J.: 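Dropping a structure here in structure tokens format, bear with me for questions.
Just so you know, these numbers come straight off a predicted model, no measurement behind them. For the single chain, residues carry numbers from 1 onward in sequence order. Every number for a ligand or one of its atoms is a count from 1 in the order of the listing.
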Amino acid sequence: MIDLIKECSAAQNIGISGHIRPDGDCIGSTLSLCLYLRKVFPEKRVDLFLEPYAEAFQDVEGIDAIDHSFQGADHYDVYFCVDCGKDRLGDAEALFDAAEKTINIDHHISNKNGCGDVNYVEPEASSASELVFDLLDPGYIDAKIAAAIYMGIVHDTGIFQYSSTSPKTMRIAAQLMEYGFDFSQLIDKTFNEKTYHQDQIMGRALLESILFMDGRCIFSAIDHKTMEFYDVCGKDMEGIVSRLRETKGVECAIFMYEYEPLTYKVSLRSCGKVDVAKVAAIFGGGGHVRAAGCTINGTVHDVINNLSVHIEKQLEG
Ligand code: AMP
Ligand code: MN
Ligand code: MN
């Protein structure tokens, strides 16, 4: 466990970042950490740099702390990399590399050794937000900080249902609820609610999904033209792969979208038999046993052919 207050006490400038294409856990963990450090150390500069987030997060309390410029202090005494290894920091990687001291808080098995001078990496944890909670002095937590952590946990556990949800996760959630925030609205606004365009693209992806390997695998792909037609970007397609995984009989689900010509962002989900972190790692990606991602160049058929060899090996092994 890291003593956050001790690690930061000598610093003047503190930076925080999470992964590219930030999700709910990435936003919740970095935002709560930022709000907390600003409260504990009002005299210090604490910057939070993340790429633009989905519209669904715009009403989260304190969200204005997030800066998309990646242009901060000349130098950071401490830099936090949260919910990923440094290879997924995007524009923040240079800030992280230049910092005096680096701290990594993560729960990805693909980053189990950590990338910081100081590391708190627990692959068993439901979320990076849960790990941030471990490190906070409860005396400084308020409703805003609690809500951000709660949101991160909700997003990475699919509202407390994925297997990464532990009794500890539930105890933390219970403690957070005591701070008093509208958890029901937070879940609806940031997790459940979809725009009309998101509904349309989900429908299209499900309609065109294809079962293979005797119904044990399913995939769906959205090409760039289709993304333009429905006016959606990557952030709008969160949730599709989880829905595919819930198809009866399916062990492994693949969803991909073409974010650049012949370059697909691939999301993998498993019911537990297939370790998709291992599959993603073969293609330079990573993640967790049951949820992982990577980027693969080629046509949809190339991507499926490449992935299915490794999935089939595991299903048969
Ligand atoms: P996604 O399918 O993008 O929602 O990602 C599923 C999980 O895998 C999340 O925990 C991501 O943070 C992680 N992940 C996605 N892409 C990568 C990658 N290229 N490298 C490492 N982890 C990834
Ligand atoms: Mn994440
Ligand atoms: Mn996470």
J.: Would you confirm whether N119, through its side chain, and C115, through its main-chain N or O, come within 3.5 Å as a donor-acceptor pair?
T.: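 Answer holds: yes.
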
J.: Find out if a path of hydrophobic residues (ILVMFWY) with successive side-chain heavy-atom gaps under 4.5 Å connects V250 to I240.
T.: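 Yes, V250 connects to I240 through the hydrophobic network.
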
J.: Do R204 and Y230 have side-chain atoms, one donor and one acceptor, less than 3.5 Å apart?
T.: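 The answer is yes; a qualifying pair exists.
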
J.: Taking all non-hydrogen atoms of both residues into account, name the closest pair between D223 and E258 and its distance.
T.: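 Looking at all heavy atoms of both residues, the shortest contact is CB-OE1, 3.3 Å.
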
J.: Answer yes if the ring centres of Y259 and H224 are under 6.0 angstrom apart, and no otherwise.
T.: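 Between H224 and Y259, which both carry aromatic rings, the centre distance is not below 6.0 Å.
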
J.: In terms of relative ring orientation, are Y36 and Y140 parallel, tilted or perpendicular, with 30° and 60° separating the classes?
T.: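 Y36 vs Y140 ring planes: perpendicular.
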
J.: Does the plane of the ring in F181 sit parallel, tilted or perpendicular to the ring in F183? Use 30° and 60° as the thresholds.
T.: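 The rings of F181 and F183 stand perpendicular, inter-plane angle above 60°.
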
J.: Between D106 and Y120, do the side chains contain an N or O donor and an N or O acceptor separated by less than 3.5 Å?
T.: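 Short answer, no.
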
J.: For the Mn ion (ligand 2), check which protein N, O or S atoms are under 2.8 Å away and list them.
T.: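 Near the Mn ion (ligand 2), the protein supplies H19 NE2, D23 OD1, D23 OD2, D83 OD2.
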
J.: For ligand 1, what is the set of protein residues having any non-hydrogen atom at a distance below 4.0 Å?
T.: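 For ligand 1, the residues that come within the 4.0 Å heavy-atom cutoff are R88, H108, K265, S267, R269, G285, G286, G287, H288, A291, A292, G293.
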
J.: Under a 3.5 Å threshold, yes or no: a donor from one side chain and an acceptor from the other, between D83 and S29?
T.: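 There is no such pair between these side chains.
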
